[in-house]
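Heads up: the structure comes next, in structure tokens.
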Amino acid sequence: MTDDGRLDRLSGMLKRRGFILPAFEIHGGAKGLYDFGPVGGRMHSKINQFWRDHWLKLGNVVEISCPTVTPYAVLEASGHVGEFSDFMTQCLNCEEASRADTLLEAHHPNPDALKMEELQALLFETLPPCPACGAQTWSEVSAQNLMFNTMIGAGESGRPGFLRPETAQGMFTSFNALFRHFRERLPFGGMQVGKGYRNEIAPRQGMIRLREFNMAELEYFMDPESEQHEDLSPWANTPIQLLEREKEPTIITLPEAFQNGIIHHATLARFLGITYDFLVAVGIDPQRLRFRQHEENEMAHYAEDCWDAEIEGSYGWIECVGIAHRGCYDLLQHEEATGKTLRARREFAEPRVTTIDAWTINGATAGPAFKAQAGLVKDAVEALPKATTFPTTVTLANGDSVEVGEEHVKANQKTISESGEWYTPHVLEPAFGIDRIIWHVLDHAYTETKKNGEDYTLMRLKETVAPVDYAVLPLFEKDGMGDLAWTIHQRLCQTSGLVSMYDASGSIGRRYARADEIGVPTCITVDHQTLEDGTVTVRDRDTTDQTRVHMDQLL
RNA sequence: GCGAGCGUAGUGUAGUGGUUAUCACCGGGCGUUGCCAACGCCUGAACCCGGGUUCGAGUCCCGGCGCUCGCACCA
């Protein structure tokens, strides 16, 4: 960090000009909550839209939108109720609150993995001393969840729920609708852009750790048994900084990283590439971007492998995108919790034919003979070889031995043909923290320079994210210059996808400076000559070059 | 969550119990044949919230909220 106050000046400007501001400030503010202001609002929506367009290029993904209010059961199934909880206990002597698992580290190899009841039992059994006062008396263990609690419905009929901590669960719970939409053909993806909520104990670092945040996630469902053929050639000439787990950082292209086995999965490698392209396109400096593989003990409860895109800015290297291989964890969890099937079907190249030629029980006689054990007897008999002669003694799964006579069995001859099978797809999840990305786009675009010996700041924002596309400036609001400028401004604003800003106050230099400060790429100035020949001055933000263009040729 | 520091116009600030609350940038209006925060005139805007001490509180005390830092925590 080479700060010397840059971060303070940047934050001040972002607030002053209306990019991002503390939310609800007139009421005293609220920690971890921010507004995108008059300037930041459009930047936020442009970046979201650019993200959608970028990933929709895959051609086999769709966007969905799910509620943020989520029933308890959904997040219990996903593991968030368990994983997002800290189990707290309070010292009865000094009232200091401690985490139960931390207190029990001396008494258990991995207390973090214990359930609340187990922690409770172990705590009361071992009575560790309070780190604050040394007393050994503890309150009951209580779960403190990092998700926002709410009630869905009022009073007696209310059911517990949470605000979602991630958008991902919506894609999993909608799996069957996605599966039908894609004509039951994998791979495909569902994606979602929206809000997520985490009731952080200590939000810090401005936009980096928020309690309500914007995320954009893709869940990409794949058949784990079919090889993923991915074209990595678009990144053949793009060296990227990779930090493999327990290895030294390397700079390598994605095709090479995949061939060398640094990245194990072709689709994962491709998603790293698509992510890289996105971040660079919105204005992240490639020199301050890297991908880091998670340590084994760092990965979330669901992940098999995970690479983060980390961006360097005023707060150091910050993870802004997580690209996780979630395996089949989520779909299995929701299957188990609901009893519904969340699977895809793969057809075999050839039908698999199994021929059975052995024994099974004769229900009419074996049933009355073995009663409750009949099921176990059936399993045991069907496991016997064809050459078995009856009567014989078989050992059941429960350890009992029974005598099975000829009258209890019959020959079992059948042919089973299976044309395919149902399986649980694997999931690759690129998850983008939009606010963190916006922060770093702003951070990287913020440029402090000198102009005629004076401090000068400008935002070198790319057109993909610039909050205002054009500023239209009449030199003076007289002799018709103001009216003409207003007409041009209106014409620009009526063009889909464009936003123009009309500014007539202050000197022309001041207005260029104001436009530069919020990153307007192009200024259009109407002067006396415009009244005569219809040409305007088009001025470029980064070079300050001016050219005269006829007003009808602006677009 | 604990500890420390801080909280005054949009921004940065001055202000050690009595001021019409300081200064600068800033914002707005008008003028300017004028093109990179130029200039002139006019003008706008603040003591985080609540309680207490006091004749009197921006200033002292208590609580809350927020910000920063350290510790703890952290998809």
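Lettering of chains follows the sequences in order, A, B, ..., and the numbering in each one begins at 1. Worth saying up front: this structure is predicted, and the values here are computed from it rather than measured.
Taking atom C1' in both rU20(B) and rG15(B), the straight-line distance is 15 Å, to the nearest Å. Rounded to whole Å, the P atom of rC60(B) lies 23 Å from the corresponding atom of rC67(B). Nucleotides rA37(B) and rU11(B) have their C1' atoms positioned 15 Å apart, rounded to a whole Å. Using atom C1' as the reference point in both rG66(B) and rA24(B), the two lie 26 Å apart (nearest Å). Remark: the separation of the C1' atoms in rA72(B) and rC2(B) is 8 Å, to the nearest Å. Annotation: rA45(B) and rA21(B) have their C1' atoms spaced 13 Å apart (nearest Å). Going from the C1' atom of rA57(B) to that of rG51(B) covers 13 Å, rounded to whole Å.
A tilted orientation is assigned to the rings of His489(A) and Tyr502(A), their planes being inclined by 30° to 60°.
Arg539(A) comes within contact range of at least one nucleobase, with a heavy-atom separation under 4.0 Å.
If you check rC36(B), rU32(B), rC35(B) against the side chain of Leu475(A), the one that comes closest is rC35(B). With distances taken from any side-chain atom of Arg510(A) to the nucleotides rC35(B), rC26(B), rU32(B), the minimum falls on rC26(B). Distance from the side chain of Lys31(A) is smallest to rC67(B) among rC67(B), rU32(B), rA37(B). The Arg209(A) side chain lies nearest to rC74(B) when the options are rC74(B), rA38(B), rC35(B). Comparing atom distances between the Ser505(A) side chain and each of rU32(B), rG29(B), rU11(B) picks out rG29(B) as nearest. With distances taken from any side-chain atom of Phe476(A) to the nucleotides rA38(B), rC35(B), rU33(B), the minimum falls on rU33(B). Minimum atom distance to the side chain of Arg514(A) is reached by rG28(B), of the listed rG28(B), rC35(B), rU11(B). For Gln546(A), taking side-chain heavy atoms from C-beta onward, the closest of the listed nucleotides rC36(B), rU33(B), rC26(B) is rC36(B).
Screening residues 16-29 of chain A for side chain to side chain donor-acceptor pair (under 3.5 Å) gives Lys15(A)-Glu25(A), Arg16(A)-Glu517(A), Arg17(A)-Glu517(A) as the qualifying pairs, with residues at least two apart or on separate chains.
Thr544(A) has no side-chain polar atom (N or O) that falls below the 4.0 Å cut-off from OP1 or OP2 of rC36(B). At the phosphate of rC36(B), neither OP1 nor OP2 sits under 4.0 Å from any side-chain N or O atom of Arg541(A).
Toward the 5′ end of RNA chain B lies the nearest nucleotide of Lys15(A), the other residue of the pair Lys15(A) and Tyr456(A) mapping further downstream. Both Arg511(A) and Gly433(A) lie near RNA chain B, and the one whose nearest nucleotide falls closer to the 5' end is Arg511(A).
The partner of rA4(B) is rU68(B), by the rule that a Watson-Crick or G-U pair needs both atom distances under 3.5 Å.
Partner of Glu212(A) under the salt bridge (Lys or Arg N to Asp or Glu O under 4.0 Å) criterion, out of Arg164(A), Lys31(A), Lys195(A): Lys195(A) alone.
Within 6.0 Å of CD in Glu336(A) there are 12 or fewer heavy atoms belonging to other residues, nucleotides or ligands.
For the pair Arg292(A) and Trp307(A), the cation does not sit on the ring face, since its NZ or CZ is not both under 6.0 Å from the ring centre and inside 45° of the axis.
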